[in-house]
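Note that the structure is a prediction, hence the values are computed from the model and not measured. One-based numbering, in listed order, for ligands and for the atoms of each.
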Amino acid sequence: MSKQTTRREVLKGGAAIAGLGALGFPQWGLPALAQGETLVEFTDLPDEIVLERTPDRRIIEVRDIDGPITPADKWFTTQHYGHPVIDRATYRLRVSGMVNSPLELSLADIRAMPSRELVFGFECSGNRGPQNGLSSNGRWTGVSLRTVLERAGIEEAASEFVFFGADRGEEEVDFRGRTSTVEQQYGRSLRRHVALSDEPMLAYALNGDPLTIHQGSPLRLLVPGWYGAPNVKFLSEIHVQEDQYLGKYQTHWYRTLKSQTINGETKWVETAISKMRLKSYIARVTKMGNGHKVFGVIMHDGTPIQSVEVRIDDGPWQPATLDPSTSEKYSWKFFSYDWNGATPGEHTVTSRATDTSGYVQPTAEALSESKKTFLEQNNQHPRTLIIA
Ligand SMILES: Nc1nc2c(c(=O)[nH]1)N[C@H]1C(S)=C(S)[C@@H](COP(=O)(O)O)O[C@H]1N2
Ligand SMILES: [Mo]
């Protein structure tokens, strides 16, 4: 039996949230292929593809990507503490701590501020091949974080900006082997130069519609070019302080153990998840007539892309073409490669991206030498398939 006939979507969990379909999410569409274009199945996928569709986790089927903007009901999601239902009418964003005037802003107050649009695609820092389904791209509307912070007036000594979501849960906090169980909120922090830069925004809409509960309704933080974790959903308060924030999701859960060369010496250091590391992944291969087409996606931190290349088996790297419909700075980028003269049999197709800083997407072997934890897994991912 081929992978196609045995392929079965394994559904996990139930539809805990009212107002959604029986499975919690609408069914996915079929791939938007041109007439006469057929999908070549990858042979590197498990027989049973686990497409988790619990309310807390949704993985996109990258083979079905049919346009630059991911519809809200297909956007990938990961959520730690359930989905608080917040009344838009009584919602207030609090800004507190080292500010001249603490704020309590209604949604109407925020919507009355100068608005901004941003095309921004991000991935979860745990996203990895072969499926790479924890990535999406959207057009967001909101206000500059700086506009809100300037309204509150930031004290000079303030250096740490903590963003709390309204979602909360019990956590065991370990201290030298002794644990305390306490209630925590999802929290992330930004340092002053990032928080007060032009880039971060507070978004209330995705693709022209108010955020749904899966995108953190009614308001979320977005840090363009960064991984998903800092994009705090259900944003309820911004607390400005001097001390570093050491919450679980800032310093423990979303961290990477990597090697750095400092003064000529290799040091293994733990870092918090921040900017996306340049990655390309192959989403699908199709056949049309006698030719084949490789289609893929680049996730990156906004540094312009110098090149993206594809190689078949152990052949030479060949230039692929970037799709101009994804050229906005923080958009994910699409690329395609015309594979002519594909011979029958099993093949490996690999892509690699290079940005204008000179950074080249590493191989899995090279990456494993410089990084121990599995987040920020941006290595080249060879896909395997059989040409009939
Ligand atoms: N309040 C809150 N914000 C959160 C999270 C969360 O659990 N709670 N998860 C983070 C993580 S790990 C990711 S990858 C992104 C996912 O955003 P999405 O669900 O809109 O795709 O949200 C981030 N923001
Ligand atoms: Mo994530």
Side-chain angles (χ1 to χ4, degrees), residues 17 20 24-25 52-60 62 69-86 91 93-94 118 120-128 132-142 162-171 183-190 200-207 209-239 245 247-256 272-277 279 299 330 332 373-378:
I17 296 170
L20 293 172
F25 294 102
E52 280 181 272
R53 288 189 201 151
T54 66
D56 293 343
R57 196 169 166 89
R58 180 184 349 171
I59 294 174
I60 66 162
V62 299
I69 299 294
T70 312
D73 64 357
K74 289 190 181 168
W75 246 81
F76 94 86
T77 189
T78 66
Q79 175 61 26
H80 290 282
Y81 291 142
H83 294 77
V85 178
I86 299 170
Y91 169 81
L93 170 67
R94 279 187 289 170
L118 170 78
F120 172 32
F122 59 85
E123 60 174 349
C124 176
S125 52
N127 193 36
R128 51 196 190 275
N132 269 301
L134 293 170
S135 50
S136 296
N137 194 54
R139 177 174 286 106
W140 307 88
T141 314
V162 190
F163 300 82
F164 287 110
D167 48 330
R168 26 185 105 226
E170 297 266 293
E171 290 289 354
E183 192 183 68
Q184 305 255 294
Q185 279 169 268
Y186 187 87
R188 290 281 310 191
S189 66
L190 295 176
M201 69 184 267
L202 304 180
Y204 45 73
L206 170 63
N207 304 340
D209 293 316
L211 297 186
T212 71
I213 204 163
H214 295 289
Q215 286 103 36
S217 168
L219 193 74
R220 81 181 300 173
L221 174 67
L222 292 175
V223 189
W226 288 35
Y227 282 108
N231 299 322
V232 178
K233 295 179 273 188
F234 311 103
L235 184 66
S236 65
E237 44 201 309
I238 303 172
H239 190 72
Y245 171 73
K248 171 178 174 177
Y249 292 107
Q250 179 65 28
T251 55
H252 297 269
W253 197 256
Y254 291 114
R255 76 198 147 102
T256 298
I273 295 303
S274 60
K275 285 183 185 177
M276 281 187 278
R277 316 265 300 162
K279 166 194 281 185
M299 307 302 304
Y330 291 112
W332 64 6
T373 41
F374 65 76
L375 302 181
E376 305 187 63
Q377 200 69 21
N378 70 321

[X] neighbourhood, listing ligand 1 atoms whose heavy-atom distance to it stays under 4.0 Å:
X: Q79; answer: 2 (C), 5 (C), 6 (C), 7 (O), 8 (N)
X: V232; answer: 3 (N), 24 (N)
X: C124; answer: 14 (S)
X: N231; answer: 22 (O), 23 (C), 24 (N)
X: H214; answer: 19 (O), 20 (O)
X: T78; answer: 9 (N), 11 (C), 12 (S), 13 (C), 14 (S), 16 (C), 19 (O)
X: W75; answer: 21 (O)
X: F122; answer: 17 (O)

>> Quick check on the 6.0 Å ring-centre criterion: do F122 and W75 meet it?
In response: yes
> Under 6.0 Å between ring centres, would you say that holds for Y186 and Y81?
Replying inline: no
Assess [X] for proximity to ligand 1: is some non-hydrogen atom of it under 4.0 Å away?
X: R220; answer: yes
X: G216; answer: no
X: Y254; answer: yes

> Would you say K275 has more than 12 foreign heavy atoms packed within less than 6.0 Å of its NZ?
Replying inline: no
>> Nearest 0.5 angstrom please: L219 CG to F163 CZ, how far?
In response: 11.0 Å
>> Just to verify, what does Y330 make a ring-ring contact (aromatic ring centres under 6.0 Å, His included) with, not counting sequence neighbours?
In response: none
> Residues in ring-ring contact (aromatic ring centres under 6.0 Å, His included) with Y91, at least two apart?
Replying inline: none
> Any side-chain donor paired with an acceptor under 3.5 Å for K233 and Q79?
Replying inline: yes
